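Notes follow once the structure below has been shown.
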Amino acid sequence: MYWADELAAAVSGPQVVNDSKSPSGTVHVGSLRGVVLHDAIHRALLGAGVASSFLYGVDDMDAMDSQAKLTPDAVDRYMGAPLSRVPAPEGSSAANYARHFVGEIFFRTFEPLGIKPELYWVSELYAEGRMDSYVKLALDLADRVRDIYRRVSHVERSSEWLPIQVICESCGKIGTTYATDWDGATVAYTCKPDMVSWAQGCSHEGRVSPLGGQAKLPWNLEWAAKWGLLGVTIEGCGKDLATAGGSRDRSDAIGREVFEIDPPRNVAYEFLNIGGRKMSTSKGQGVAAHTIAEVLPPEQLRFLFLRPRPNQVIDFDPEGDTIPRLFDEFDRIAAATAGREVKGELPADHERLFAYSLLGPSPDVAEAAAAFRPAFAHLALLLQIPGVDMAERMAAEKGAPLTVLETAVLTERTAAAHAWLESYAPERARLVIRHDAVPDEVRGLDDDQRGYLAALATAADSEKPGSGDAWQALIFRVATDAGLPAGRAFGALYAAFLGRANGPRAGWLLASLEPAFVMARLRAAVGVTD
RNA sequence: GGGCCGGUAGCUCAAUGGUAGAGCAGCAGACUCUUAAUCUGCUUGUUGAGGGUUCGAGCCCCUCCCGGCUCACCA
């Protein structure tokens, strides 16, 4: 059974699926895995007749720790401040940085993937006082929290440390304050200049109530508090958090022992590496989500994440044949889902995998599976030939007019293929007419092939073929007359014009070129010998 | 140091403990119209190493080796 369906079959009663993200920094392709997984789980639950809601929390009380998109003077002032209180970058109409980030960047990635969770803002949970009972519990039971840190993660906290982060009344930062002395109503705090390396506190000392949005729980407690408040029953997390003694263990323990709730069911998922390595912006390996989305349409991107089991590392190297192969595999699964015979093995429950790869919430699986989908590599090749009417050509290949859906698929793939040719496509996928000189590859032709080129030049000179059809017919006729197998005839043409052993339909290729150039090149190639 | 994932054909990966398989690549062939398409055929293995359990191990147990990621500061 497909893993998400297995999970859906294992639970009972209404489910709340939750995911969250701190709204700063770049969204890597890898960070999309979580949200796609949660979406698939949510859909699997609904499909199994289980009531389910899918929540997505924006952790906008988190401190600003990434200076991306801020002006230099703003960096000093706002590093360490809650993201909900950092102004949006210049030119943005958003109310604050977090809103800007989510609105402008994150959801431009989510929505095209057909993922529409119920959004909530953590800063609002605090401001509305909904977190207050958890804040009080955490402070009342600070001893127990410290014990959990020590026992589960071997993290030693000072005996005066309190699990709360106050927003400094003087400088507005939350990442720099250290709180002590909870008296049941207020805590004392110091805004420390050297609390963290990425932000500087103002040295202010004060005493405030930690309720009503003036403070936030540290990460692990906040996570557990959200589970309790929202009744979360399923929440997966990346393996960085799921490691033994890591964040998840800590939050689970806090949930059980401090807030007295049952932690949600976990789905630990592996990362997505690029070429066997972790994604890293500094090494030029960090592929931003929106970048990869140009080359992979939503369905293929979902497919990439949903095909392996969650605990399987995905090694995605956009270079080489990876992307065309991904499309081919998707098309193969589509064909199998439509009931057509396909070569090779199929993953377990391939039709479920296919359905979840389609955009939700309830796609027409049968129509999508049956749709005509041009092979990606084929499309990329045709794109490079001038004068090809793609829609017409595809209708001809299909043998019937394209449906609305098929036209949309074609448009989407054409854009992806364009982007691919400009970015990741290997040289051999790129078609270059060798205008400058006769390619060296012509030396490898034999006398029959040279004779063929000469004969073709002569025939073309008198017949002057003006269309792809006319050229194609002529190419075949001259080959037949010369007793040369079609394959070798085409090979000679590709060598002469492209310097390669193969290529797109030669007739249309030649028809797209200057007639004078074509004639000159045919004759020039004849004269080249070893 | 702890944790997780992996090591199976050139590459990417499959195989409820029961005859090691696919796709791609490669090679050979077919094709008067998708010539990077399509079709046919073929080749390739000390399943990382060693031990154990079993009638039987790629799979389970133990010990190693290798690769990758990750945690221990913050979120």
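Since the model is a prediction, treat every value here as computed from it, not as a measurement. Just so we're on the same page: letters track the sequence lines, and every chain starts at 1.
- With C1' as the reference atom, B:C61 and B:G26 are 40 Å apart, rounded to whole Å.
- Of the C1' atoms belonging to B:U43 and B:A22, the separation is 15 Å, rounded to the nearest Å.
- At the heavy-atom level, A:Ala473 lies under 4.0 Å from base atoms of the strands shown.
- Across every strand in view, B:C4 sits in a pair with B:G68 that passes the Watson-Crick or G-U test at under 3.5 angstrom.
- Comparing A:Leu217 and A:His154 by the nucleotide of RNA chain B that holds the closest heavy atom to each, the one mapping nearer the 5' end is A:His154.
- Side-chain N/O atoms of A:Arg393 include none lying less than 4.0 angstrom from OP1 or OP2 on B:C33.
- At the heavy-atom level, A:Arg150 lies nowhere under 4.0 Å from the strands shown.
- Remark: A:Arg99 qualifies as a cation-pi partner of A:Trp121 under the 6.0 Å distance and 45° angle criteria applied to the six-membered ring.
- Base contact: A:Thr480 has a heavy atom under 4.0 Å from a base atom.
- Phosphate proximity of B:U34 to A:Gln472: absent, as no side-chain N or O sits under 4.0 Å from OP1 or OP2.
- For the pair A:Pro218 and A:Val155, nearest-nucleotide mapping onto RNA chain B gives the more 5' position to A:Val155.
- Across all strands, A:Thr322 comes closer than 4.0 Å to no nucleic acid atom at all (heavy-atom distances).
- Using a 4.0 Å heavy-atom criterion, one finds that A:Gln165 contacts the sugar-phosphate atoms exclusively.
- Contact annotation for A:Ile475: no contact, since no heavy-atom pair falls under 4.0 Å across all strands.
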Practice item. Please test A:Lys216 against A:Ile174 for side chain to side chain contact (heavy atoms under 4.5 Å, CB included), starting from the C-alpha separation and ending with a verdict. Key: CA-CA 8 Å; A:Lys216 84 183 279 288; A:Ile174 196 169; 3.5 Å; yes
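- Side-chain atoms of A:Trp198 lie closest to B:C74 of the nucleotides B:C74, B:A75, B:A14.
- By the 5.5 Å and 30° criteria, A:Trp219 is not stacked with the base of B:C74.
- When Watson-Crick and G-U wobble pairs are counted only if both distances are under 3.5 Å, B:U47 pairs with no nucleotide at all.
- Heavy atoms of A:Lys398 sit nowhere under 4.0 angstrom from any nucleic acid atom.
- With a cut-off of 3.5 Å on both Watson-Crick or G-U wobble distances, the partner of B:C33 is given as none.
- Using Watson-Crick or G-U wobble geometry with both donor-acceptor distances under 3.5 Å, B:A28 finds its partner in B:U40.
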